[in-house]
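See structure below.
What's counted below: heavy atoms across the whole structure, side chains too, no hydrogens, waters or symmetry copies.
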Amino acid sequence: MTRFVLLRHGQTAWNLQRRNQGKEDIPLDHVGRQQAKQALSSLAEYPFDALWSSPLRRAAETAEIIAASTGLAVRIDHRLVERSYGEWEGRTPEEIGAPYEEYRRDRVLYRPPGGETGIEVFCRCVAFLHEAIAEEPRSNLVVSHGGTIAFLTAALLHGSPSTASALRLANCSLTEVVLLPDGRRVLVRFNDTSHLDPKPIPVVSYELAPLA
């Protein structure tokens with residue numbers, strides 16, 4: 001059996017401002033560091049074999065807080081970075097305007113100026129998972145980003161890039177997928193923030209239209 005526990009990094013100042021972070025190297029704020037420490041209570045039940053992290057500071061800082069408690073070495077993998085938003089990084093949806101609405105309608109194929117498509121992120125997530133699974137049956141903790149974890153979750157569940165487009169993850173939330181020897185995949189928990197106090201800001205990034 002192989003287990004993947006996916007932990008989104010803690011809160012940053014740009015999360016609060018709703019700015020696209022992408023590959024910008026934004027650190028955790030004080031709440032984010034507190035959230036990473038609170039996550040330890042939910043992670044203590046697992047005997048992890050490997051701790052993986054994106055190299056970006058907000059994820060690496062979260063992973064280092066976990067590592068200090070567990071004794072695991074942080075294994076940095078550049079395929080775990082957030083989706084690149086190119087020229088949109090540092091800007092809010094309101095500042096981007098109409099093009100952002102086009103992106104919301106097609107998160108898979110739309111390429112922000114100078115950024116990545118969802119297909120490209122999905123492919124690097126699949127490549128990472130393929131190598132991690134091939135090492136040996138083990139329990140993996142992966143610290144990454146909201147968009148990247150959505151693609152990792154979709155790939156683990158035999159979904160598509162479009163599957164990831166429907167998923168939203170809160171800061172320092174936990175998602176767990178178990179791969180059984182018979183090939184089945186089990187979603188044990190998704191976007192779990194029960195360990196956090198106070199609860200993170202809502203992950204819905206825009207108002208839903210009322211039902212007709």
Using residues 20-28 as the side-chain source, report each donor-acceptor pair under 3.5 Å to any protein atom, sequence neighbours left out, with the distance given to one decimal.
residue	atom	partner	partner atom	Å
Asn20	ND2	Arg91	O	3.4
Gln21	OE1	Thr12	OG1	2.6
Asp25	OD1	Arg57	N	2.5

So, Glu116 and Arg83, do they make that salt bridge, N to O below 4.0 Å? no
With rounding to the nearest 0.5 angstrom, report the CG to CD distance, Leu141 to Glu176. 10.5 Å
Arg124 backbone acceptor or donor facing Arg79 side chain under 3.5 Å: no
Would Tyr100 and Tyr110 show up in the same hydrophobic cluster when neighbours are defined by side-chain heavy atoms closer than 4.5 Å? yes
Treating Thr70 as the side-chain partner and Ile66 as the backbone partner, does any N or O pair qualify as donor plus acceptor under 3.5 Å? yes
State, with a plain yes or no, whether a side-chain heavy atom of Ser54 is found less than 4.5 Å away from one of His145. yes
Going by an N to O cut-off under 4.0 Å, is there a salt bridge joining Glu101 and Arg104? yes
Check whether Glu120 reaches the backbone of Thr117 with its side chain - one donor and one acceptor, N or O, closer than 3.5 Å. yes
Short question: side chain of Glu82, backbone of Thr148 - any donor-acceptor pair under 3.5 Å? yes
Could you tell me whether the side chain of Ile96 reaches within less than 4.5 Å of the side chain of Pro93, counting heavy atoms only? no
Evaluate the side-chain proximity of Val177 to Leu157: yes if any heavy-atom separation is below 4.5 Å, no if none is. yes
Lys/Arg-Asp/Glu bridge criterion (N-O < 4.0 Å) met for Glu89, Arg19: no
All heavy atoms of His195 vs all of Ala39, minimum pair found to be CD2-CA, 3.5 Å
Closest heavy-atom pair and its distance - Ala36, Ile65: CB-CD1, 3.7 Å
Return yes if some donor-acceptor pair links the side-chain N/O of Thr2 with the main-chain N/O of Ile133 below 3.5 Å, else return no. no
Applying ring pair (Phe, Tyr, Trp, His ring centres under 6.0 Å) to Phe4 and not counting sequence neighbours gives none
Any heavy-atom pair between the side chains of Leu51 and Arg75 that's under 4.5 Å? no
Donor-acceptor pair, side chain of Asn191 and main chain of Ala170, under 3.5 angstrom: yes
Check whether any side-chain N or O of Arg8 sits under 3.5 Å from a backbone N or O of Leu169 as a donor-acceptor pair, and report yes or no. yes
Where the side chain of Thr62 meets the backbone of Gly10, is there a donor-acceptor pair that is under 3.5 Å apart? yes
With side chains defined as the heavy atoms from C-beta onward, is the minimum distance between Asp49 and Ser139 less than 4.5 Å? yes
Would you say the side chain of Thr175 lies within less than 4.5 Å of the side chain of Val5, judging by non-hydrogen atoms? no
Are Val121 and Phe128 grouped together when hydrophobic residues (ILVMFWY) are joined by side-chain heavy atoms under 4.5 angstrom apart? no
Test log, rule side chain to side chain contact (heavy atoms under 4.5 Å, CB included), inputs Leu152 and Leu80: CA-CA 9 Å; Leu152 288 168; Leu80 296 173; 4.0 Å; yes
Taking 4.0 angstrom as the limit, do Glu61 and Arg58 come out as a salt bridge? no
Across all chains, not counting sequence neighbours, the ring pair (Phe, Tyr, Trp, His ring centres under 6.0 Å) partners of Phe190 are none
